[in-house]
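Single-structure report; data block below.
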Amino acid sequence: MHHCVTVNGSSLLFCEVIPRSTYGWCPGERYCSDSQGFTAQRDLVDARPRSYNGRRTPSRYRALLRMRKAKRRTVESSNRATDSPDTLFSKIDAQKTAVKRSLSSAATIVWLRGRGDLRIHDNPLLLQAQRLNEPLFIMFTWSSADADKNYGFGEAQRVFLFSAVDALNRALNMRFQQVIHYVRLSDDAGLEEYLQLFHFLEASLSARTLLMARRYEPPLLQLDMELECTLTKQRKWKVYTHNMHLLHEPWTVAYDGDATSSAGHFGTLLPFWQAWQRNADLPPEPAAAPSTLPPAAALERCEPRTPACCEKPPPLAGDAFVDRTTRCAPFQFVTSLVETGLHPVRPGTKRWDTVLLGSWAVDEERVRAFLRDFLEHRLPLYEKNKSRADLEVVSRLSPYLALGMLSAREVFHATRAASRRLAASERSKTFERRLIWRDLAYWTLYMFPEAVTTPIRSHYASQEWNEDPRLLAAWQRGSTGYPIIDAGMRQLWQTGWMPQNIRMAAASFLVEYLNIHWIHGLQWFHRTLIDLDIAINAMMWQNAGRTGLDMWNFVIHPETSARSSDPTGAYVRKWLPELAQLPNAYIHAPWKAPESVLSSAGVQLGATYPQRIIADLGAARKQSQAAVLEMRSRSMPQFFNADGYDRIRVPVLKAVSLPHERFQQTATADNTVWRHVFTRREFREAPFATHLPHETEACDRQEAQLLPKDSTRAMRGNGDAQAAA
DNA sequence: TGGTCGTTATA
DNA sequence: ATAACGACC
């Protein structure tokens, strides 16, 4: 590590030389990270800032002239319905001045995608835009790929996202006279289309700088890397990516469950937390909102619903896009968020819009006030009452964290500060760990990119499950006949949210009693949760479904747990009004109520409220346990250690601090190790004994041999990887 | 959530 | 030796 050039004449940077990667990433490039963890990229040969003007090609210049001519013709009409006339005029004025500036100097693009980046406070994109002080173009893109059923936004979350983006746009408008430009991408928008979009912005705004939040979903990790590589290498852009979502990004935590992290079982919270703390300083303090932003760079807009600027981008000699210039660009700049196609509710379908949004504010300052209110009034009660669904003591901040309307760094530091002010008895170990769990979820997804769709304990894929669609439908609709489950599932459907412990009860019910594959639970939560977070959802369902790094060591009983989580019955009465008249003794078990009690409460089982879809919970649980034991009895011996714990292959990845370095390390057979993971006692028994002792002993020997060899390999860094490549 | 497991208090 | 407790998953 050594010092190198400054970016934009301000901060001193720490750099290291990154060698050629196995992905062929930018050999000889130098990546710089400043003290706040921002990363940037410079060329070793020419560290001078390279302006658009200095390198304008004749054809580009002609394109610019065409643009100017077009601007004179067209009257910019910014006609968002929510704008008051005053803001509209000031916006137009701002844009008029911006047009002049944007043509004389390069513009900076802030690219928002709605995951982690929808805020003004602690927003490194805006802060860097302020420092760069170039005309600023803020853009939100939407493609139907952003609604991917595995990796995208779910339907409920899209309703919320719509409001959140709109609210941020209004806030940027009022505070900084900035507008979010909405871009509708085509359905299968991929690398090519994004490149076309940025090419267009380069031609029309002289944009050469892109600021964006990092994403961690496996397909987006790949897309973003390719995009950044192409833009920087071929187009000479400067691309700055920022961590806006996590306390520590997964590639900064070196942890493969070796002897140095012995706090608990591999993949559980405590050893991960140790590695998390060992690896780095505390996450940086949240930054304040920028005081000002540079003037807005205005774009010559296309008419709504017409393909963007058909004659653009201009042809460039030797450019990859030459043969596309005759075609219309697939993306459109649209004048309202509705036209992006983001909102999932079609006209005429009322579902979700009213109830779902009714309980969730989208204004950033109000959200931050929620945080302060929670820390002041409810945090002291949290530890004792966190599982009480009938008291509203939990933070309800998850929808905001999921979209980045609230900074995880801000929550982390504000919680620490609030906690320090409390007496020991009032502190909440659980709440203080919540954001560590969140980092663990992202680390797990980084280590196991298939975790959204496939069991991490790969041998569990052959387990037999109950495929009865009626049982699944009853669970989804909240008509299982178990009030606490049904109340939770109806709250989820109506509001997009459930308390954590009710989520766990619902998951336990699906997996342990209905014996339905956890993937169906994951997919339902994906569609219905307003606070959907891919990594957290996958971690929760893998762990509930017994196939995760961790495995829940408990089964939540739908009646007994309800008596402790909703002792007053207020929660069930709120979400199941048809049961509201039942006395407390029967509110969580209406099937036990005498006929007279039921009829005086107006309850008719099977008519006003369903009968239980399964009545013998004990037998159901035995059956799902048997399915696991049966699957394990068929599995190969390498999947178990001598004590009957499950074993999995784990990639060995060294910790890197800069995002691109992660691509130098790929998990191959050569750099994975076997690790055993926590396994419930009830599964560690009989079927495992059917394996011959020498088989598992051989595997244990193999593990013992692999362990020291691979961990030293990992420590030596990427020299070996280079030699191998 | 609830079951397991290791540690500490008590006899 | 056993019960009670608390940490953990």
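Chain letters run A, B, ... following the sequence lines, proteins first, then strands; residues in each count from 1.
The side chain of A/Ser561 lies closest to B/dG2 when the candidates are C/dC8, B/dG2, C/dC9. Distance from the side chain of A/Arg681 is smallest for B/dT4 among the nucleotides C/dC9, B/dT4, B/dG2.
One finds no salt bridge joining A/Lys654 and A/Asp256 here, because no Lys/Arg side-chain nitrogen approaches an Asp/Glu carboxylate oxygen to under 4.0 Å. A salt bridge links A/Glu559 with A/Lys592: the closest approach of a Lys/Arg side-chain nitrogen to an acidic carboxylate oxygen falls below 4.0 angstrom. Remark: A/Glu155 engages A/Arg527 in a salt bridge, criterion side-chain N to carboxylate O under 4.0 Å. For the pair A/Asp373 and A/Arg378, the salt-bridge criterion is met [side-chain N within less than 4.0 Å of a carboxylate O].
We find that CZ of A/Phe683 is positioned 12 Å from C1' of B/dG3, with the value rounded to whole Å. Nucleotide B/dG3 holds its P atom 19 Å from the NE2 atom of A/His265, rounded to whole Å. The distance between atom CZ of A/Phe678 and atom P of B/dG3, rounded to the nearest whole Å, is 13 Å. Between the CZ atom of A/Arg621 and the C1' atom of B/dG2 there is a distance of 9 Å, given to the nearest Å. Atoms CD (A/Glu682) and P (B/dG3) sit 10 Å apart, rounded to a whole Å. Atom P of nucleotide C/dC9 and atom CZ of A/Phe554 are separated by 12 Å, given to the nearest angstrom. Rounding to whole angstrom units, CZ of residue A/Arg680 and C1' of B/dC5 are separated by 16 Å. Distance, A/Trp273 CH2 to C/dC8 P: 10 Å, rounded to whole Å.
Side chains of A/Asn150 and A/His526: no donor on one and acceptor on the other come within 3.5 Å. In this model, no donor atom of one side chain and acceptor atom of the other lie less than 3.5 Å apart for A/Asn515 and A/Trp465.
The stretch residues 529-542 of chain A has no heavy atom under 4.0 Å from DNA chain B, so no residue of it qualifies as close. Non-hydrogen atoms lying under 4.0 Å from DNA chain B are contributed by nothing in residues 475-485 of chain A.
Nucleic acid contact class of A/Leu269 (heavy atoms, under 4.0 Å, all strands): none. Contacts of A/Ser508 with the nucleic acid, taken as non-hydrogen atoms under 4.0 Å apart, are absent.
In this model, the phosphate group of C/dC9 is not approached by any side-chain N or O of A/Arg684 to a distance below 4.0 Å at OP1 or OP2. Of the side-chain N and O atoms in A/Thr268, none sit less than 4.0 angstrom from OP1 or OP2 of C/dC8.
For CD of A/Glu432, the number of neighbouring non-hydrogen atoms (other residues, nucleotides, ligands) closer than 6.0 Å is greater than 12. The environment of CZ in A/Arg477 is sparse: at most 12 heavy-atom neighbours from other residues, nucleotides or ligands sit within 6.0 Å.
In this structure, the side chain of A/Glu512 does not engage the main chain of A/Arg621 through any donor-acceptor pair within 3.5 Å.
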